[in-house]
Amino acid sequence: MIRTREHLEAEERERLAPCAARAAESLGRVVFETAHPYRTAFQRDRDRVLHSRAFRRLEYKTQVFVPHEGDHYRNRLTHTLEGAQIARTIARTLCLNQDLAEAVVLAHDLGHTPFGHAGERVLADLMKDQGGFDHNRQSLRVVDLLEERYPGFRGLNLTMETREGILKHGHPWEHPIPLPPETPHPSLEARVADFADEIAYTNHDLDDGLRSGLLERDQLEEVGLWREVRRETEVRVGKASRRVLDAQTIVSLINRLVTDLVEETDRRVAGTVSIDSVRSSAAPLVGFSPEVERGALQLKRFLSTRLYQHHQVVRAVRKGERVLSELFAVYRDDPARLPPHVVTRFEVDGPARAVADYIAGMTDRFALDEHRKLLDPHEPV
Ligand code: MG
């Protein structure tokens, strides 16, 4: 028997929590489309994101570590997949809409520049008098404007709910497509996606940091949450190699954070009877317990000073910043060097925005190659 979309929607009505987002009750797409015979609106969003060009490019974008430094480290694609996995677990356990949470995480980093947050800072600075630059907003530009796949509209024409999750917060800037309605609280799925992103990067950055030798185990003893989980893991695992012990500590840490988030959120949403009451809630409904919140914050601070500001990471970051600002300057001063598909966008988006979109879409390696081709006289153009 074929399960149709109507079956799936009926299952959602029955199975999901009253405060969950239901595909059948979606606020819809900007351009009307006939519903799919056997995929819900959010499943379709997820698939559209997965099949986009921007999604494939995530593989060659840095999270923290420069890709050529080692094949074991996370890039933006593996970060996204780990985040999506965590979001599915949280959403499923809380009887929320897994498809929506997954679609949001899969799309959340599409707007990231090459070279991680360094690239974002450079573009934000260069664009400060011309509308600014922010990676959440850029992710929305990608799905709303920059993907070219459909005959009837620009972008992917995703549902309001997925777009709301991508946008995250406030939108004091111009956007040519109607934005999702602003409410005090987004869907629970959007917040779950946000937390899943954070749980994913905190843990994989720890993992990569230890494996690369940039972080030392002794330093981590100053982090309460790590200390606690490490001790538990040593008891649970018994005699094992350091590699297994590290891996198992990360497993336990993810488990600890996810379990706490699920339990605390379950407490907070008790009595929330619909998605409308979620949207009007002044208090944050998804979150960690105060104790784990403090622990997670300490861990994030540790990563910030010991890993993200590690001198070797900073050296790579500075090179990335320089590459992007020089690319921007060359294109701005001499648009004749840009490919025609970017120049044709000048009229619609203005030269600065078209250049920023072009640079933001580059992978790390494309940006490095392009920089060499443009500025090294010995390189072929
Ligand atoms: Mg992320």
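When a ligand or atom number is given, it counts from 1 through the structure's own listing order.
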Would you say the side chains of Gln298 and Arg301 form a donor-acceptor pair under 3.5 Å? no

Looking at Arg88, Gln43, Arg39, Arg44, which hits side-chain hydrogen bond (donor to acceptor under 3.5 Å, both in side chains) with Asp99? Gln43

Taking both backbone and side-chain atoms into account, decide whether His79 has an N/O/S atom under 2.8 Å from the Mg ion (ligand 1). yes

Any luck finding a side-chain donor-acceptor pair between Gln248 and Arg236 under 3.5 Å? yes

Identify, by name, the N, O or S atom of Asp109 lying closest to the Mg ion (ligand 1). OD2

Do you know which N/O/S atom name in Asp197 is closest to the Mg ion (ligand 1)? OD1

Can a cation-pi geometry be assigned to Arg365 and Tyr60, taking NZ or CZ under 6.0 Å from the six-membered ring centre and within 45° of the ring axis? yes

